[in-house]
Visitor: 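Let me begin by handing over the structure; questions about it come next.
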Amino acid sequence: MAITTTVTTTAAAATLADVLVPWFRAHARDLPWRRPETTPWGVLVSEIMLQQTPVARVEGPWREWLERWPRPSAMAAAPAADVLRAWGRLGYPRRALRLHAAARAIAADHDDVVPTDVETLESLPGIGTYTARAVAAFAHGRRVPVVDTNVRRVVARAVHGRAEAGAAAARDLADVEVLLPSDRADAATMSAALMELGATVCIARGPRCTDCPVADRCSWLQRGRPAGDGPARKAQTWAGTDRQVRGRLLEVLRGAPGPVPAAALEAAWLTDHAQRARCLDSLLVDGLVEQLADGRFALPGEAGDVG
DNA sequence: GACTCGTGGAG
DNA sequence: TCTCCAAGAGT
């Protein structure tokens, strides 16, 4: 992509950022992790919680977590079981386990300071391409593209004229990089603006184009909002899946004050014993459950053997 | 690249 | 009711 630093003589066309940055400043939701007093650790916790979980369900837990564990070292000192119980029903509890591991790594190897560069962030458990850049940009003001599902959808529509973004690809980063203003602070705001637009206006189902600040330059809109050609995504079944069973098993352990006998877990899923056994085994492999010497099961670190 | 991994709210 | 899907990561 060409470098677009040329300042044309008269009416240089306003860039996407010229429109979206002011729009964001006027319309951004007042989310707690966006406030200036939020620490990088607070930003990191929010980003992990927001992975595949809606904003509305994260706000409450996020406040509680930052009050309880205001620094990585505070969380590092807690057993994983405490973190998993506090995670509650946010879903995908492996995220909680990885955040706990990341907290321990930050406390032990980084002087309790959340790293600022993308590469180091990506080396931490649970921090991938998106989260590393989100922390670098939103917590540390780094000028790096931050690409999540919202951003990919906005770019697919406004820039490429397609109804939906395809599967995430390495190319997405370069796609967004060219949209960022040169100023670091503005670049971070632009990333937040792209995400906000995708989350509140340019949404997956029923996009609100009449409220869109860039409707006049949206390629998809100009093409008459053509339908997506994708084969859609495979139906996300739920009832009877391993995920449901794992959820039930973990729910029992979260609700118990301490280790439980095998029978307590067997009672959580009676329809298919083989499936229950398989899921319990996968939870043990994932480190979300531990088996004690006496045969009982517990959340990790609960018996005092760790942390 | 295709799968797996929780949970609950909206249309 | 049922389908979709929401600030992804890891394998």
Side-chain angles (χ1 to χ4, degrees), chain A residues 24 28-29 31-34 38 42-62 84 87-99 101-102 121-139 145-154 164-173 176 188 191-200 202-208 228 230-254 268-269 278-279 282-283 285-289:
Chain A
F24 179 79
R29 292 167 293 177
L31 304 176
W33 46 85
R34 284 178 175 166
T38 304
V43 173
L44 172 55
V45 172
S46 78
E47 293 299 342
I48 300 292
M49 287 184 165
L50 287 164
Q51 290 170 2
Q52 301 289 282
T53 301
V55 164
R57 285 173 48 204
V58 165
E59 292 199 54
W62 182 84
L84 285 170
W87 191 257
R89 305 188 65 83
L90 281 177
Y92 289 148
R94 293 189 296 188
R95 290 182 292 165
L97 205 57
R98 290 171 181 151
L99 178 56
L121 285 163
E122 282 185 328
S123 74
L124 295 170
I127 300 185
T129 305
Y130 162 76
T131 304
R133 286 165 180 77
V135 171
F138 303 146
V146 183
V147 183
D148 73 337
T149 185
N150 290 308
V151 175
R152 291 193 302 109
R153 185 172 54 250
V154 169
E164 306 157 2
R171 169 186 190 82
D172 299 337
L173 290 177
V176 173
S191 289
L194 286 167
M195 292 174 63
E196 189 75 354
L197 188 69
T200 64
C202 193
I203 52 184
R205 283 185 296 178
R208 302 163 43 209
R233 52 195 70 188
K234 60 178 304 183
Q236 190 178 26
T237 55
W238 171 247
T241 61
D242 284 3
R243 290 155 84 173
Q244 184 185 21
V245 178
R246 284 166 55 105
R248 288 279 183 81
L249 294 173
L250 218 47
E251 185 176 16
V252 169
L253 288 164
R254 279 199 311 266
W269 193 259
R278 179 175 72 246
C279 289
S282 73
L283 289 170
V285 169
D286 286 347
L288 285 164
V289 177

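These numbers come from the heavy atoms of this one structure, side chains and all, not from hydrogens, waters or symmetry mates. Within every chain, numbering begins at 1; the chains are lettered A, B, ... in the order of the sequence lines, protein sequences first and strands thereafter.
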Visitor: Identify, with sequence neighbours excluded, every residue that meets side-chain hydrogen bond (donor to acceptor under 3.5 Å, both in side chains) alongside A/Glu122.
Guide: A/Arg133

Visitor: Grab the CG-C1' distance between A/Leu173 and C/dG8 for me, whole Å please.
Guide: 13 Å

Visitor: By the 4.0 Å heavy-atom rule, please label A/Trp33 as base, sugar-phosphate, or nothing.
Guide: base

Visitor: What distance do A/Arg243 atom CZ and A/Ser282 atom OG have between them, rounded to the nearest 0.5 Å?
Guide: 12.0 Å

Visitor: Which is true for A/Ala199 with a 4.0 Å heavy-atom rule: it touches a base, it touches only sugar-phosphate, or it touches nothing?
Guide: sugar-phosphate

Visitor: Using the P atom as the point on both nucleotides, what is the distance between C/dT11 and B/dG6, in whole Å?
Guide: 14 Å

Visitor: Strictly below 4.0 Å, heavy-atom distances to any atom of DNA chain B: list the hits from residues 122-135 of chain A, or just say none.
Guide: none

Visitor: For A/Arg153, report the nucleic acid contact type (base, sugar-phosphate, nothing); a contact means any heavy atom under 4.0 Å.
Guide: sugar-phosphate

Visitor: Closest heavy-atom contact between A/Ile48 and A/Gly126?
Guide: CD1-O, 3.6 Å

Visitor: How would nucleotides 5-11 of chain B be written as a contact map, 5' to 3', with B for base contact, S for sugar-phosphate-only contact and - for no contact, using protein heavy atoms under 4.0 Å?
Guide: BBBS---

Visitor: With sequence neighbours left out, what residues match A/Trp33 under ring pair (Phe, Tyr, Trp, His ring centres under 6.0 Å)?
Guide: A/Trp62

Visitor: Which is true for A/Leu97 with a 4.0 Å heavy-atom rule: it touches a base, it touches only sugar-phosphate, or it touches nothing?
Guide: nothing

Visitor: Roughly how far apart, to the nearest Å, are C/dA7 and B/dA10 at atom P?
Guide: 14 Å

Visitor: Sequence neighbours left out, what passes salt bridge (Lys or Arg N to Asp or Glu O under 4.0 Å) with A/Arg246? Give chain and number order.
Guide: A/Asp286

Visitor: Between A/Tyr130 and A/Gln51, does any side-chain donor sit less than 3.5 Å from a side-chain acceptor?
Guide: no

Visitor: Quick one: salt bridge (Lys or Arg N to Asp or Glu O under 4.0 Å) partners of A/Arg34, sequence neighbours excluded?
Guide: A/Glu196

